[in-house]
Protein chains: 2
Amino acid sequence: MPVAPGPAATALSASRSLPEATVKRLPLYLQALAEANDDRMVTISSDELAGRAGVNAAQVRKDLSYLGSYGTRGVGYNTELLRQQVNRQLGLNREYNVALVGAGNLGQALGHYRGFAQRGFQVVAAFDTDPSLVGSRLGRAEVYPLADLERVVRQKHITMALIATPAAAAQDVLDKLVDAGITSVLNFAPIVLNVAPHVCMRKVDLAVELQILGYYEHVRGSRRAEVATRASTASGR
Amino acid sequence: MPVAPGPAATALSASRSLPEATVKRLPLYLQALAEANDDRMVTISSDELAGRAGVNAAQVRKDLSYLGSYGTRGVGYNTELLRQQVNRQLGLNREYNVALVGAGNLGQALGHYRGFAQRGFQVVAAFDTDPSLVGSRLGRAEVYPLADLERVVRQKHITMALIATPAAAAQDVLDKLVDAGITSVLNFAPIVLNVAPHVCMRKVDLAVELQILGYYEHVRGSRRAEVATRASTASGR
DNA sequence: CCATGTGAAAGCGTTCACAGCG
DNA sequence: CGCTGTGAACGCTTTCACATGG
């Protein structure tokens, strides 16, 4: 089909906004494709990719169709080509410099975590108010006092930040980050933060994840008291 | 309305399954209610609660309606009563014993993270294959060799586990955990794991969160090249 | 012949708008 | 009068099913 009159996306050429749900799955596909590549798979079907990413095959095809037509009917997708396309679509064909604010327990772990740098996110500076931490190293980042935030952020061309401070300090830190020009923030503090609409913020609350698990554990317990046993009907999901 | 013929939930009495999206928000409400309680608020409206939890007021009312009718029309919700109900609904009126597998960078941070114990999740044992780590302490947990997993899990009545191993080891660890009787798992390894349907598993991939932010940063960059500037119309979210 | 790409259907989740009640 | 609780509308996501084309 030429020119594609559909309302969704201008198929060819540059990046148009994808559905949010699709964006969340692209990193999964990227990882699955990298593994398939390591396994010397030149070509991969939506079925195979779905299995490796833990999702439905129809979903894979629908998601990938938003990026354009990179598959071959009757064959599948070229693993390496598709990986490059997904990578480009996610904006990962460059490096991002990341600031880490809060060098306590969680902050130290994040600073030492190798998974970030492996995927192009360099933690190039850390910040903390505790004078005993300032000047120390955290992975390849130096720990600066919070007062230096704006200067260092601009000097090192930092565009993203991780907030790993106590909840009470998080809003103030966020405001300072935004003043310094940061536009993407990942918040680990267990508190709801307010931010101007031009800044993109996501939240990770580790305890919340456990509480969700707790709910299902709890419900399962209640069920067991009612139905006694229940052999698995091997329903997917 | 008595007996409620609606299809959703048997309003009164014990816990019926809530929509998944609602379950994910209950921990937010719980936190907001705890803060409101600290602020000496005896009563709280859906509007106020929505503001503190960062969601829409109609959503708060809809979510809370699944738990039953705990509000007073024209007034709002009793802060403390509602907090107790949400807490009970999430199954948090008990403690959970948690195992931590993998005592490397991330595992050490998780073991020292106080947010877990504060909300009733005690990390009571850690496991690692590295002999130099075995025997050391991690918060209040001792580090055991992986071979002791089943014994310690049963001995300490552990029902939940955190997987913080390298990706390559995660599936094997998961299988061992399930054999030992674990039914809830939080996986931090960047890999898709397969598990029997009776086990509840959630995944946290820190790098994925950054990649999602990267996408929006990337798209924003492309937009800026097109539309030059764009003053905020102060649209929510 | 086989797997993609995609309209159409079905399923969920969110938001609206207002009836109902303290 | 104000705020809850909720049917109904809306929009987004997922899944189905099949025409399409290498």
Side-chain angles (χ1 to χ4, degrees), chain A residues 1-12 17-26 28-29 36 41-51 53-79 81-82 85-86 235-237, chain B residues 1-12 17-26 28-29 36 41-51 53-79 81-82 85-86 235-237:
Chain A
M1 77 307 299
V3 195
T10 327
L12 292 174
S17 66
L18 311 177
E20 198 178 319
T22 296
V23 174
K24 288 188 192 167
R25 281 186 295 266
L26 288 184
L28 292 182
Y29 299 154
M41 297 187 75
V42 176
T43 209
I44 190 169
S45 68
S46 60
D47 244 322
E48 173 75 23
L49 182 49
V55 303
N56 179 298
Q59 187 130 80
V60 168
R61 293 199 298 276
K62 174 81 49 161
D63 284 338
L64 296 184
S65 75
Y66 291 128
L67 314 190
S69 284
Y70 297 113
T72 306
R73 292 169 195 243
V75 180
Y77 302 88
N78 179 303
T79 312
L81 171 66
L82 186 57
Q85 292 303 333
V86 175
S235 66
R237 214 211 190 258
Chain B
M1 80 308 297
V3 195
T10 327
L12 292 175
S17 67
L18 310 178
E20 198 177 319
T22 296
V23 173
K24 288 188 192 169
R25 282 186 295 267
L26 288 184
L28 292 182
Y29 299 152
M41 297 187 76
V42 175
T43 209
I44 191 168
S45 69
S46 60
D47 244 321
E48 173 75 23
L49 182 49
V55 303
N56 180 297
Q59 185 126 77
V60 168
R61 294 200 297 277
K62 174 82 53 164
D63 284 339
L64 296 184
S65 75
Y66 291 127
L67 314 190
S69 285
Y70 296 112
T72 307
R73 291 169 194 244
V75 179
Y77 302 87
N78 177 305
T79 311
L81 172 66
L82 186 58
Q85 293 302 334
V86 176
S235 64
R237 207 190 200 272

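Everything quoted here is computed from the prediction, not taken from an experiment. The sequence lines fix the lettering, A, B, ..., with proteins before strands; numbering per chain opens at 1. Note that these values count all heavy atoms, side chains included, but never hydrogens, waters or copies made by symmetry.
- Each of C:dG5, D:dT13, D:dG5 was ranked by its minimum atom distance to the side chain of B:Arg61; first place goes to D:dG5.
- Rounded to an integer number of Å, the gap from B:Ile44 CD1 to D:dT4 C1' is 14 Å.
- We find that CG of A:Asn56 is positioned 14 Å from P of C:dC12, with the value rounded to whole Å.
- Closest to the side chain of B:Glu20, out of C:dT6, C:dG13, C:dT15, is C:dG13.
- Taking the side chain of B:Tyr77 as heavy atoms from C-beta on, and the options D:dT4, D:dT15, C:dT15, the nearest nucleotide is D:dT4.
- In the set D:dT4, C:dG13, C:dG5, D:dT4 carries the atom at the smallest distance from any side-chain atom of B:Ser46.
- If you check C:dG22, C:dT4, C:dT6 against the side chain of A:Lys62, the one that comes closest is C:dT6.
- The side-chain heavy atoms of B:Tyr77 and B:Arg61, taken from C-beta on, include a pair separated by under 4.5 Å.
- For the OP1/OP2 pair of D:dT14 and a distance below 4.0 Å, the side-chain nitrogens and oxygens of A:Arg25 include at least one atom meeting the criterion.
- Rounded to whole angstrom, the span from the CG atom of A:Leu64 across to the P atom of C:dT6 amounts to 11 Å.
- Taking atom OH of residue B:Tyr66 and atom P of nucleotide D:dG5, one finds them 13 Å apart after rounding to whole Å.
- The listed nucleotides are C:dA3, C:dG5, D:dT13; the one nearest the side chain of A:Ser69 is C:dG5.
- Summarising the geometry, the separation between CZ on B:Arg73 and C1' on D:dT4 is reported as 5 Å, rounded to the nearest angstrom.
- Remark: B:Thr72 OG1 to B:Asn78 CG distance equals 8.0 Å, nearest 0.5 Å.
- Residue B:Gln85 contributes atom CD, which lies 16 Å from atom C1' of D:dG5 at whole-angstrom precision.
- Residues B:Leu18 and B:Leu26 have side chains in contact (heavy-atom distance under 4.5 Å, counting atoms from C-beta outward).
- Note: CG (A:Asp47) to P (C:dG5) measures 14 Å, nearest angstrom.
- Side-chain atoms of A:Val55 and A:Asp63, non-hydrogen and from C-beta on, never get closer than 4.5 Å to each other.
- Among the nucleotides C:dG13, D:dT4, D:dT14, the one closest to any side-chain atom of A:Ala21 is D:dT14.
- Ranked by how close their nearest DNA chain D nucleotide is to the 5' end, B:Gly74 and A:Pro19 are led by B:Gly74.
- The B:Ser65 side chain lies nearest to D:dG5 when the options are C:dT4, C:dT6, D:dG5.
- Which of C:dT14, D:dT15, C:dG22 sits closest to the side chain of A:Gln59 comes down to D:dT15.
- In this structure, the side chains of B:Tyr70 and B:Leu64 stay at 4.5 Å or more apart for every pair of heavy atoms.
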